[in-house]
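Take a look at the structure set out below.
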4 protein chains.
Amino acid sequence: MSLSQFISAKKADVTAKRERRKEARPGELLDAALDLFVEKGFAATHAEEVAKRAGVSKGTLFLYFQTKEDLFKAVVRANISGRFQEWNDELAHYEGSTPALLRHFVTAWWERVGATRASGITKLMMSEARNFPELAAFYQREVVEPGQDLVRRILQRGVDRGEFRPMDTNQTVYCVLAPMIFLMIWKHSVGACVNSAHLLVPEDYLAAQMETLLHGVCLPQAAGAAPIPENKT
Amino acid sequence: MSLSQFISAKKADVTAKRERRKEARPGELLDAALDLFVEKGFAATHAEEVAKRAGVSKGTLFLYFQTKEDLFKAVVRANISGRFQEWNDELAHYEGSTPALLRHFVTAWWERVGATRASGITKLMMSEARNFPELAAFYQREVVEPGQDLVRRILQRGVDRGEFRPMDTNQTVYCVLAPMIFLMIWKHSVGACVNSAHLLVPEDYLAAQMETLLHGVCLPQAAGAAPIPENKT
Amino acid sequence: MSLSQFISAKKADVTAKRERRKEARPGELLDAALDLFVEKGFAATHAEEVAKRAGVSKGTLFLYFQTKEDLFKAVVRANISGRFQEWNDELAHYEGSTPALLRHFVTAWWERVGATRASGITKLMMSEARNFPELAAFYQREVVEPGQDLVRRILQRGVDRGEFRPMDTNQTVYCVLAPMIFLMIWKHSVGACVNSAHLLVPEDYLAAQMETLLHGVCLPQAAGAAPIPENKT
Amino acid sequence: MSLSQFISAKKADVTAKRERRKEARPGELLDAALDLFVEKGFAATHAEEVAKRAGVSKGTLFLYFQTKEDLFKAVVRANISGRFQEWNDELAHYEGSTPALLRHFVTAWWERVGATRASGITKLMMSEARNFPELAAFYQREVVEPGQDLVRRILQRGVDRGEFRPMDTNQTVYCVLAPMIFLMIWKHSVGACVNSAHLLVPEDYLAAQMETLLHGVCLPQAAGAAPIPENKT
DNA sequence: GATGAATGAGGATTCATTCAT
DNA sequence: CATGAATGAATCCTCATTCAT
């Protein structure tokens with residue numbers, strides 16, 4: 001190793017160590033923040049506690065996130081918003097039937113969000129939306145609308161390909177999303193502190209929901225469902 | 001009337017008025033507190049605001065409820081009364097088809113609970129369950145389990161009468177309840193502070209859910225649904 | 001004393017004691033605040049210190065003044081703004097010559113503001129104006145503009161009555177006010193911490209300023225001054 | 001050129017550059033600090049901002065000045081240089097009338113100090129004198145007293161030459177200096193953040209002040225002013 | 001010497017709770 | 001019983017200063 005190589009290696013090393021730390025910090029803080037936000041809610045989570053759990057001081061937290069709201073937004077972005085790109089890509093390149101796509105989407109969502117700590121964020125937003133209008137707006141913009149949009153496009157794909165019967169996709173979107181939202185809320189509220197005799201089994205519940213949903217919205221030729229009778233109620 | 005008579009009459013009058021109010025006080029406070037807890041959550045609801053809305057002073061609130069937590073617990077307990085007896089009776093004497101019964105149950109629920117202030121209690125419990133585990137257990141015992149039981153018996157009636165296909169009623173129960181729970185929470189959180197382009201219309205949503213549900217779980221002869229294909233995903 | 005008299009007297013007494021306290025409080029707080037604001041500046045004055053000096057707790061201060069800025073505004077109103085009514089009345093009813101009026105105004109100002117603690121407020125505003133734009137605007141609105149207006153009307157009175165030569169009153173206003181402002185600043189800065197050999201004697205300084213000013217602006221017939229020569233500079 | 005030669009040449013170059021910068025550093029820092037202290041006051045000026053404006057890091061600032069107070073003191077000291085020598089010389093060799101000398105002095109002061117950044121120092125001292133008594137004394141000694149002395153000698157020259165009426169020069173000195181001081185403070189406080197309808201025009205204000213001053217203090221034969229009437233007030 | 005990440009004391013403000021009246 | 005003035009612990013955020021690199 002030449003001298004200059006040695007010198008620059010040394011410097012690189014020093015810098016690297018620092019930068020590794022600096023780059024790791026936000027992640028560690030987001031991690032700690034997610035835990036605490038989910039556990040205690042936005043208002044009841046104290047900045048100092050987040051910092052302590054991440055192993056740094058209060059001041060350091062505010063070095064990386066200007067306010068507690070910013071921290072929250074960053075948590076949402078890191079855990080949810082970021083996923084939509086991925087899903088949009090999958091949707092664009094999916095080649096199978098739309099019922100299969102919908103099942104895939106729900107399964108993937110469960111694995112990547114529903115079953116993870118990130119699911120707590122949704123419960124959190126439902127609880128605190130009214131007290132933090134700006135956060136609510138942010139969440140609506142970054143999560144709710146992209147999510148509804150994604151589902152709407154899936155449903156429309158089914159209609160366009162003659163797999164689903166014509167429908168008001170704007171309303172049906174809620175039939176797809178509501179079970180997921182319900183699941184996240186349930187898990188982080190009642191589910192977190194009660195041992196019921198008949199526990200909710202998320203995967204079974206989701207599968208059941210999807211099947212009842214599909215047999216209701218599918219045309220006969222697509223998923224084998226019968227035509228909907230006209231004499232409703 | 002002598003002076004002393006006048007005085008004691010006046011005093012008696014004042015006392016009577018006071019006692020009347022005194023007995024009404026806790027109810028008025030619980031009423032005010034329910035509204036505020038639902039609207040803003042536990043932490044963000046200020047004792048003074050509750051008192052003001054009930055028309056008394058802050059001091060009086062703490063005369064009836066030692067702490068804010070006590071007030072919260074009293075609010076939840078006071079609002080979870082026995083509506084189940086009523087429904088159990090209706091179920092026992094219902095003579096129509098089970099799909100019609102289920103539709104009736106959901107409609108009645110929306111009218112008697114979902115559309116009323118009582119729906120706020122559910123939102124409240126979902127939001128604060130983790131902070132009040134003791135209350136969550138109470139809620140589970142007094143509300144969740146009786147509710148699940150009721151629905152389970154409706155579903156079982158359908159299976160027994162050959163209207164519904166055989167199913168794991170313990171899981172399907174959630175398919176009936178989840179939309180209701182979702183609706184209550186949505187209404188009191190996102191629904192209260194976001195002007196989305198595509199608002200959720202509760203009645204439409206419930207009707208749609210019920211139809212997709214029925215066409216998924218009903219046997220062909222019962223509600224005209226097609227047989228469920230065996231090749232699930 | 002009858003019973004009812006006794007009763008209402010007792011009640012009145014109790015209430016009175018309380019109210020007397022409640023009414024005295026803001027004054028005590030304003031008093032303490034004025035001292036501290038003048039001594040340490042707005043930013044460096046701590047709410048807790050103000051409260052302590054007034055003999056109450058931090059919380060009590062915020063019971064009477066929502067923010068530190070509000071406290072400051074109240075201090076200004078109590079010590080300066082309130083004076084303008086009084087001066088405007090005096091101006092309206094003054095019957096002597098305008099030079100005498102101007103001398104009266106300056107003397108009165110010195111006695112009622114310049115020589116009192118209130119003078120510190122002006123120095124304070126000069127120091128902190130740029131950091132607290134809202135306070136600066138408030139001060140401009142409540143003090144500077146009414147003050148300039150008052151002086152302008154005095155000058156105009158002199159011109160109208162043929163005592164002063166015609167002038168741009170908007171600029172001359174500063175010739176009257178500047179010595180006062182200078183005095184307040186000097187007194188609360190250099191003057192507060194230096195023992196100069198040749199101390200500024202405010203009364204002498206003001207008198208000298210007024211005389212030079214008058215002999216400059218007065219028409220010959222009014223105060224015996226000569227016409228201003230045209231070859232300035 | 002060998003490798004080692006290249007390295008040491010490079011190093012020498014770097015070192016030279018560094019040393020050049022190193023010597024300039026404190027000056028750049030003082031320069032940046034002056035601007036900020038004048039603009040925002042001592043407390044509201046942040047170390048980091050000073051460093052950034054000087055193009056160095058926060059750490060470097062504290063390398064040259066142990067504390068923010070030290071920096072403040074250095075700023076004041078660095079900006080109070082000997083402009084008095086220059087003026088004393090001008091005074092000694094001036095051959096015109098004393099009124100003309102006084103006008104010259106005021107005009108020169110405005111051009112060389114009042115209109116420049118140096119005026120900020122005065123505002124700074126007035127604002128912070130009470131927090132830095134030691135500096136206030138220094139300022140008194142190095143600036144205030146020499147300045148008063150200079151003016152006093154001008155006035156005395158007028159009296160001695162029969163141009164000015166006899167006076168207490170110690171007090172009249174303030175009549176000359178106060179407008180200047182007022183102007184510097186006004187400009188850096190109210191003047192910087194208020195859009196008044198009638199803005200102060202420094203040059204006009206100074207000219208007007210000087211004329212009223214001269215016509216008040218001058219004997220008739222000196223500047224054409226009328227005799228001062230004896231019937232004051 | 002120079003850097004900038006990290007620190008933590010400090011300050012304004014809130015609000016559940018107490019208690020003299 | 002009822003009141004509401006008073007309290008002070010608790011919380012977010014800032015920023016001078018330090019120190020490992």
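Atom set for the values below is all heavy atoms of this structure, side chains included, hydrogens, waters and symmetry mates excluded. Each chain gets a letter, A, B and so on, in the order the sequences are listed, and its residues count up from 1.
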Can you sort out the partners of [X] under side-chain contact (heavy atoms from CB on, under 4.5 Å), two or more places apart, ordered by chain and number?
{"X": "D:Glu128", "result": "D:Phe42, D:Phe72, D:Leu124, D:Asn131, D:Phe132"}
{"X": "B:Thr67", "result": "B:Glu69, B:Asp70"}
{"X": "C:Arg77", "result": "C:Lys73, C:Ser81, C:Phe138, C:Glu142"}
{"X": "D:Lys123", "result": "D:Ser127, D:His188, D:Ser189"}

Rounded interatomic separation in angstrom, taking [atom1] from [X] and [atom2] from [N]:
{"X": "D:Leu36", "N": "F:dA16", "atom1": "CG", "atom2": "C1'", "answer": "15 Å"}
{"X": "A:Phe62", "N": "F:dC13", "atom1": "CZ", "atom2": "C1'", "answer": "5 Å"}
{"X": "C:Leu61", "N": "F:dT7", "atom1": "CG", "atom2": "C1'", "answer": "13 Å"}
{"X": "B:Leu63", "N": "F:dT3", "atom1": "CG", "atom2": "C1'", "answer": "10 Å"}

Strand DNA chain E as a dot-bracket string - pairs counted if Watson-Crick or G-U with both distances under 3.5 Å, | where the partner lies in another strand:
.||||||||||||||||||||
Does F:dC1 have OP1 or OP2 under 4.0 Å away from a side-chain N or O of B:Tyr64?
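Checking F:dC1 against B:Tyr64, no side-chain N or O comes under 4.0 Å of OP1 or OP2.
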Just N and O in the side chain of A:Thr60: are any of them under 4.0 Å from OP1 or OP2 of E:dA5?
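No, A:Thr60 has no side-chain N/O under 4.0 Å of OP1/OP2 on E:dA5.
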What pairs with A:Lys68 under salt bridge (charged side-chain N to carboxylate O under 4.0 Å, His left out), at least two apart in sequence or on another chain?
none
Identify every side-chain donor-acceptor pair in residues 29-41 of chain B under 3.5 Å, counting partners at least two apart or on other chains, and give the distances.
from: B:Asp31; atom 1: OD1; to: B:Arg117; atom 2: NH2; distance (Å): 2.9
from: B:Asp35; atom 1: OD1; to: B:Arg117; atom 2: NH1; distance (Å): 2.8
from: B:Asp35; atom 1: OD2; to: B:Arg53; atom 2: NH1; distance (Å): 3.4
from: B:Lys40; atom 1: NZ; to: B:Glu49; atom 2: OE2; distance (Å): 3.0

Nucleic acid contacts - residues 66-79 of chain C versus DNA chain F, non-hydrogen atoms under 4.0 Å
none
Listed in order of residue number, which residues of residues 38-53 of chain A have a non-hydrogen atom at under 4.0 Å from DNA chain F?
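Close to the strand are A:Thr45, A:His46, A:Ala47.
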Does B:Lys58 make a side-chain donor-acceptor contact with the base of F:dT3, cut-off 3.5 Å?
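Answer is no: no donor-acceptor pair is held.
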With a 4.0 Å heavy-atom cut-off, tell me which residues in residues 124-134 of chain C come close to DNA chain E, sorted by residue number.
none
Taking for D:Gly59 and for B:Ser57 the nucleotide of DNA chain F with the nearest heavy atom, the one nearer the 5' end belongs to B:Ser57
According to side chain to side chain donor-acceptor pair (under 3.5 Å), who are the partners of A:Thr45, at least two apart in sequence or on a separate chain?
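Counting only residues at least two positions away or on another chain, A:Thr45 forms no side chain to side chain donor-acceptor pair (under 3.5 Å).
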